[in-house]
Amino acid sequence: MRFDTVIRHGTVVTASDTFLADVGIKDGKVAALALGLTDADEIIDATGLFVMPGGIDSHVHLDQPSGDGIVMADDFDSGTRSAAIGGNSTVLAFCMQEKGQSLREALKVYHAKADGKCHVDVSFHLVITDPTAEVLGQELPALVEDGYTSLKIFMTYEGLRLRDDEILATLDAARRTGALVMVHCENEDAIRYLIGRHEEEGKFAPKFHATTRPVAAEREATHRALSLAEIVDVPIVIVHVSNREAMEEIRRARERGQKIAGETCPQYLVLTADDLDQDALEGAKYVCSPPPRDKASQDACWQGLEQGVFDLFSSDHCPFRFDDPQGKLNEKGKRHFRWIPNGIPGVATRLPILFSEGVMKGRLDINRFVALTSTNHAKLYGLYPRKGTIAIGADADIALWDPNRSVTLTNAMLKHGADYTPYEGLDIRGWPVRLLLRGKTIVNDGRTVGDADRRGSYLARQRSSMVQ
Ligand code: URP
Ligand code: ZN
Ligand code: ZN
């Protein structure tokens with residue numbers, strides 16, 4: 001067979017295997033894995049490089065309305081460009097339902113934001129904020145059939161959080177329809193109460209974001225979410241877990257026989273609450289929820305990645321500009337942590353941080369890296385085996401990694417819309433030097449090629465491997 005492209009002399013890495021092979025690509029798909037493939041229009045020499053499935057980041061916020069004059073720093077153009085720079089070929093973004101809005105209307109809005117603008121493939125999780133009988137009974141079943149097979153719910157944030165009875169109704173609807181539910185676990189009432197106490201004590205600096213959202217508020221909500229899921233007998237994903245106590249809740253639920261997936265993120269491995277405690281409001285750069293914790297929590301999250309508490313390593317990319325009246329330092333945010341928009345940029349840095357801190361420092365083997373950053377996302381969110389692996393018939397979404405490339409992170413190289421990265425100056429070993437999306441190179445040596453092409457497509461998804 002004559003191929004469109006052959007990647008030669010690389011070391012192919014999947015979630016299960018590491019082997020020397022050339023990869024033959026035809027019509028955007030992997031068509032052959034063998035030694036000595038030469039007959040192709042384009043030959044890419046991958047000597048000394050790892051040939052891995054493109055990253056799939058299943059937790060990314062783009063172009064979401066953020067209230068009160070606050071504007072998210074990335075739309076689908078800049079956010080997916082940044083994703084590609086960091087070695088990702090697919091992102092799963094959120095489609096946020098406004099109160100009173102139908103899910104179909106919300107999807108129309110997000111498709112209009114995304115269609116034709118994406119540099120990598122994209123799909124949507126629904127965010128349900130208004131779980132009416134019509135939304136759960138009529139809309140959700142039809143949307144799952146149409147390939148919108150996952151949704152997120154919040155236990156915190158005024159205006160977004162669901163009450164326990166609403167959570168139960170949503171989980172029950174998910175069980176009936178086969179949707180997978182992601183849950184943001186923090187106890188909103190406890191947080192509100194603590195914010196009130198901080199106000200009485202005149203505590204308004206960014207560092208108090210962390211003290212009003214303690215581990216116990218996350219642990220309690222995690223326990224509650226797991227219990228509610230047990231009551232209606234449905235699998236769930238606990239997203240952005242920050243500490244050992246929440247991890248223990250996941251372990252215990254699994255021991256009881258529940259099907260649970262766990263997710264953690266780079267901020268819980270390399271940042272701590274001390275990063276929020278800096279002069280001149282610098283701490284606002286690190287405000288996200290749950291907040292980064294302490295060194296012991298970082299160690300626990302590393303253990304969870306190694307030992308299987310976590311199935312997913314995602315960015316929770318939720319970017320706001322720092323020095324901007326529409327961003328972190330809006331007028332109210334400068335005076336009170338409560339008004340600093342929650343979230344940090346990270347879609348481009350997720351993979352390099354885990355590769356450098358995990359694989360290169362011997363904490364994770366490279367196959368586990370692929371599972372945590374690509375394969376498990378594809379399986380859990382209904383994209384496997386089209387995405388998430390290098391196998392005959394899979395989309396040729398392939399990242400070439402140079403384990404010897406040393407990079408010091410700077411904001412400018414990440415090409416996102418934020419004016420900072422929380423990881424400025426971090427030394428990284430190992431970098432995704434080239435990225436192919438369905439067989440076409442979209443990033444080479446840190447730069448997007450054919451930038452105007454925007455080859456990303458929308459992906460309808462199957463049901464999760466956890467609900468089948
Ligand atoms: O602070 C965060 N994580 N912002 C993004 C929204 C969310 O809760 O995932
Ligand atoms: Zn969340
Ligand atoms: Zn998030």
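Just follow the structure's listing: the first ligand is 1, and inside any ligand the first atom is 1. Atoms considered below: every heavy atom in the structure, side chains included; atoms not considered: hydrogens, waters and symmetry mates.
Shortest contact from atom 3 (N) of ligand 1 to any protein heavy atom: D316 OD2, 2.7 Å. Protein heavy atom nearest atom 8 (O) of ligand 1, with residue, atom name and distance: H184 ND1, 2.9 Å.
Taking 2.8 Å as the criterion, C318 does not count as a coordinating residue of the Zn ion (ligand 3), since none of its N, O or S atoms falls below it.
For the residue pair D316 / H61, a side-chain donor-acceptor distance below 3.5 Å is found, with atom types taken as modelled. Counted by atom type alone, H317 and D74 present one or more donor-acceptor pairs between their side chains at under 3.5 Å. No side-chain donor-acceptor contact under 3.5 Å links Q267 and H240.
The nearest N/O/S atom of D316 to the Zn ion (ligand 3) is OD1.
By the 4.0 Å N-to-carboxylate-O rule, D146 lies close enough to R104 to be salt-bridged with it. With salt bridges taken as basic N to acidic carboxylate O contacts below 4.0 Å, one links D395 and K387.
Contact annotation for N342 and ligand 1: heavy atoms of both the backbone and the side chain come within less than 4.0 Å of the ligand.
Counting atoms of ligand 1 from 1 in the listed order, those under 4.0 Å from a heavy atom of K152 are 7 (C), 8 (O), 9 (O). Using a 4.0 Å cut-off to heavy atoms of C288, the atoms of ligand 1 that qualify are 1 (O). Ligand 1 places these atoms under 4.0 Å from at least one heavy atom of Y157: 1 (O), 2 (C), 4 (N), 6 (C), 7 (C), 8 (O).
Among S66, C318, P341, the residue whose heavy atom lies nearest to atom 5 (C) of ligand 1 is C318. Looking at P290, S314, S289 and measuring to atom 2 (C) of ligand 1, the nearest heavy atom belongs to S289.
The neighbour count for H198 NE2, taken as heavy atoms of other residues, nucleotides or ligands under 6.0 Å away, is above 12. In this structure, R192 places its CZ atom where more than 12 heavy-atom neighbours from other residues, nucleotides or ligands lie under 6.0 Å away.
Geometry note: the Zn ion (ligand 2) is the vertex, K152 NZ and H184 ND1 are the arms, and the angle is 130° (rounded to 10 degrees).
Using a distance-only test at 3.5 Å, with no hydrogens or angles considered, a donor-acceptor pair links the side chain of D419 to the main chain of D323.
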